[in-house]
Asker: 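Supplied in structure tokens, the structure appears directly below.
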Amino acid sequence: MMADEEEEAKHVLQKLQELVDQLYCFRDSYFETHSVEDAGRKQQDVQDKMEKTLQQMEEVLGSVQAEAQALMLKGKALNVTPDYSPEAEALLSKAVKLEPELVEAWNQLGEVYWKKGDVAAAHTCFSGALTHCKNKVSLQNLSMVLRQLQTDSGDEHSRHVMDSVRQAKLAVQMDVLDGRSWYILGNAYLSLYFNTGQNPKISQQALSAYAQALHKYEESYGEALEGFSQAAALDPAWPEPQQREQQLLEFLNRLTSLLESKGKTKPKKLQSMLGSLRPALLGPCGDGRYQSASGQKVTLQLKPLSTLQPGVNSGTVVLGKVVFSLTTEEKVPFTFGLVDSDGPCYAVMVYNVVQSWGVLIGDSVAIPEPNLRHHQIQHKGKDYCFSSVRVETPLLLVVNGKPQSSSSQASATVASRPQCE
């Protein structure tokens, strides 16, 4: 293939990847752009988006349509819905035959077989992907399918469950910040608990994994509530899951109430507080001394909270007033409400703080490159909807114009992420 043709093929594959990424983003972030009342339409909306995406892909496929990567991307697009797709199976099967080391194709094909009800074939695909590259997606899925494999004996099933725990642990080790891995590990421990004599130590490990999914990493409130509820239903005499579920529900109730009322701050007082906000309170975030993730010192652009987009908002800083603070029994994260205008109140969740650290009502807080997340949680007939800004360490904050000292940060461990060999 000539250099120009290679460049063109690379461009086409990049465009196909963008289209598929947009499709999955639409599915996974549906409730960030739609109300809870639209829940019944989600599957049809995703189906319509998939069909439009496939049309757009056909328009740009050109000479790469027979390449493994292109076949994988088209199969992945067809696999976006919860239903089994024979066409996706055919495309992904062809992709792995053309390029056996294409791990994402193996993972997608495994999901297709899983939807088809062929758990053994799904197990083969996820195991096969791991022979080419150790990756958390294959480990997560392998942990789940191992617990569903048909067996001829109880001993064999117990071995599968123990292997399920092992695979889930490996997934967590690869990325300790992935809440889904922790949730899957919790489910694996829960299965082990009911297959090995209900050892209390194992039940504690399950609860610990659910708590990790919730509190320290991805704020996976819905998954944590589901995990606690599942544990309580399987063993009604075990009080701790019910207690954890209730504590989390109380936290969400208090948080959403305080956010809605802006900390119950009276309008006149709130206007007075907001009137004292000024650029000098940005400290190093406003004078070119802020060091970005790339290591460069930059001046950030001050923007209202209401303009933030989901994810990390690079090159941006927000400045607001604290209207309430809220802590859980675990004291992780330290949570407070931030307001900067007549717009909504945002929850700010700060991690890796020492117990003595905090902010007071009326404090001015600047947050550089804020990481925004919209939460849409449905549990037992009740909805919790709010926006939060995640802050990994108090050292990133500027409070009343001053950076925070190193004594405000609790010690933390960092895990490395193995790469493919």
Side-chain angles (χ1 to χ4, degrees), residues 29-32 34-39 179 182-183 186 206-233 236 238-267 269-270 305-306 308 310 320-340 342-351 353 355 358-363 365 371-391:
S29 305
Y30 185 83
F31 289 110
E32 293 178 11
H34 296 74
S35 67
V36 176
E37 287 75 20
D38 294 328
W182 284 105
Y183 175 65
L207 270 185
S208 176
Y210 289 137
Q212 294 280 36
L214 164 65
H215 291 295
K216 293 187 179 178
Y217 300 102
E218 290 300 315
E219 297 160 13
S220 303
Y221 299 108
E223 291 185 342
L225 284 168
E226 183 181 340
F228 295 149
S229 181
Q230 182 183 18
W238 183 20
E240 192 168 354
Q242 299 176 44
Q243 293 168 1
R244 291 289 191 102
E245 181 184 11
Q246 189 59 37
Q247 287 170 1
L248 179 52
L249 289 172
E250 288 174 2
F251 171 76
L252 291 172
N253 278 316
R254 290 169 61 200
L255 177 60
T256 50
S257 176
L258 286 167
L259 289 171
E260 187 175 350
S261 66
K262 298 184 179 179
K264 300 181 180 178
T265 309
K266 293 182 178 179
K269 182 180 179 181
L270 182 59
L305 283 161
S306 60
L308 296 181
K321 285 288 185 177
V322 177
V323 291
F324 70 83
S325 63
L326 183 63
T327 57
T328 63
E329 290 189 14
E330 292 85 356
K331 302 191 183 304
V332 178
F334 182 91
T335 303
F336 62 90
L338 194 70
V339 176
D340 65 355
D342 292 333
C345 184
Y346 285 63
V348 179
M349 299 181 172
V350 189
Y351 292 79
V353 298
Q355 289 201 357
V359 292
L360 303 175
I361 293 174
D363 280 348
V365 177
N371 185 356
L372 180 71
R373 183 172 181 185
H374 296 306
H375 301 269
Q376 293 273 0
I377 305 156
Q378 295 175 291
H379 187 69
K380 294 185 175 178
K382 187 156 186 181
D383 300 324
Y384 302 93
C385 306
F386 62 95
S387 297
S388 70
V389 175
R390 179 187 177 91
V391 180

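For this chain, numbers begin at 1 and follow the sequence in order.
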Asker: Decide side-chain contact (heavy atoms from CB on, under 4.5 Å) for I361 and F336; before the verdict, give the C-alpha distance in whole Å, the side-chain angles of both, and the deciding distance to 0.1 Å.
Answerer: CA-CA 9 Å; I361 293 174; F336 62 90; over 6 Å; no

Asker: Could you check if a side-chain atom of V350 sits within less than 4.5 angstrom of a side-chain atom of V348, using non-hydrogen atoms only?
Answerer: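 Result yes, sub-4.5 Å side-chain heavy-atom pair found.
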
Asker: Would you say CD of E260 has more than 12 non-hydrogen atoms from neighbouring residues, nucleotides or ligands within 6.0 angstrom?
Answerer: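 12 or below, so no.
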
Asker: Kindly compute the distance separating OH (Y384) from CD (Q376), expressed to the nearest 0.5 Å.
Answerer: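 These two atoms lie 13.5 Å from each other.
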
Asker: Between the side chain of S257 and the main-chain N/O of R254, is any donor-acceptor distance below 3.5 Å?
Answerer: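 Not at all, since once roles are kept as given, no pair shorter than 3.5 Å links the two residues.
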
Asker: F334 and G358: which non-hydrogen atoms are nearest, and at how many Å?
Answerer: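 Result for this residue pair: CZ-CA, 3.7 Å.
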
Asker: Rounded to the nearest 0.5 Å, what's the gap from CG on L259 to OH on Y346? Could you check?
Answerer: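 Spacing of CG (L259) from OH (Y346) equals 10.5 Å.
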
Asker: Looking only at the aromatic ring of each residue, does the gap between the centers of Y221 and H375 stay below 6.0 angstrom?
Answerer: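 Distance test on ring centres: under 6.0 Å, yes.
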
Asker: Quick one: does any side-chain atom of D363 pair with a main-chain N or O of V359 as donor and acceptor, under 3.5 Å?
Answerer: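 Side chain of D363 to backbone of V359, a donor-acceptor pair under 3.5 Å: no, none is there.
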
Asker: I'd like to check C345 versus L338 (side-chain heavy atoms, cut-off strictly below 4.5 Å). Are they in contact?
Answerer: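 Contact flag for C345/L338 side chains = no.
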
Asker: Give a yes or no on whether the backbone of G362 and the side-chain of K321 come within a donor-acceptor separation of less than 3.5 Å.
Answerer: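 Pair found, side chain donor or acceptor close to backbone of G362.
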
Asker: For the OG atom of S388 and the CE atom of M349, what is their distance to the nearest 0.5 Å?
Answerer: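 With rounding to 0.5 Å, OG (S388) is 5.0 Å from CE (M349).
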
Asker: How long is the span from the CG atom in L305 to the CG atom in L372, to the nearest 0.5 Å?
Answerer: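 Reported to 0.5 Å precision, the distance equals 8.5 Å.
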
Asker: Is the backbone N or O of L225 less than 3.5 Å from a side-chain atom of S229, with the two atoms forming a donor-acceptor pair by type?
Answerer: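 Flag not set: sc S229 to bb L225 has no pair under 3.5 Å.
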
Asker: Can you tell me how far CG of L252 sits from CG of D383, rounded to the nearest 0.5 angstrom?
Answerer: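 D383 atom CG to L252 atom CG measures 12.0 Å (nearest 0.5 Å).
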
Asker: For the residue pair R373 and P310, establish whether any side-chain heavy-atom pair is separated by less than 4.5 Å.
Answerer: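 Sidechains of P310 and R373: no contact.
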
Asker: Under the criterion side-chain contact (heavy atoms from CB on, under 4.5 Å), I'd like the reasoning laid out for E250 against E245: C-alpha separation, chi angles, the key distance, then a yes or no.
Answerer: CA-CA 9 Å; E250 288 174 2; E245 181 184 11; over 6 Å; no

Asker: In the structure I gave you, are the side-chain heavy atoms of L255 and F324 within less than 4.5 Å of one another anywhere?
Answerer: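 The answer is yes; the side chains approach within 4.5 Å.
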
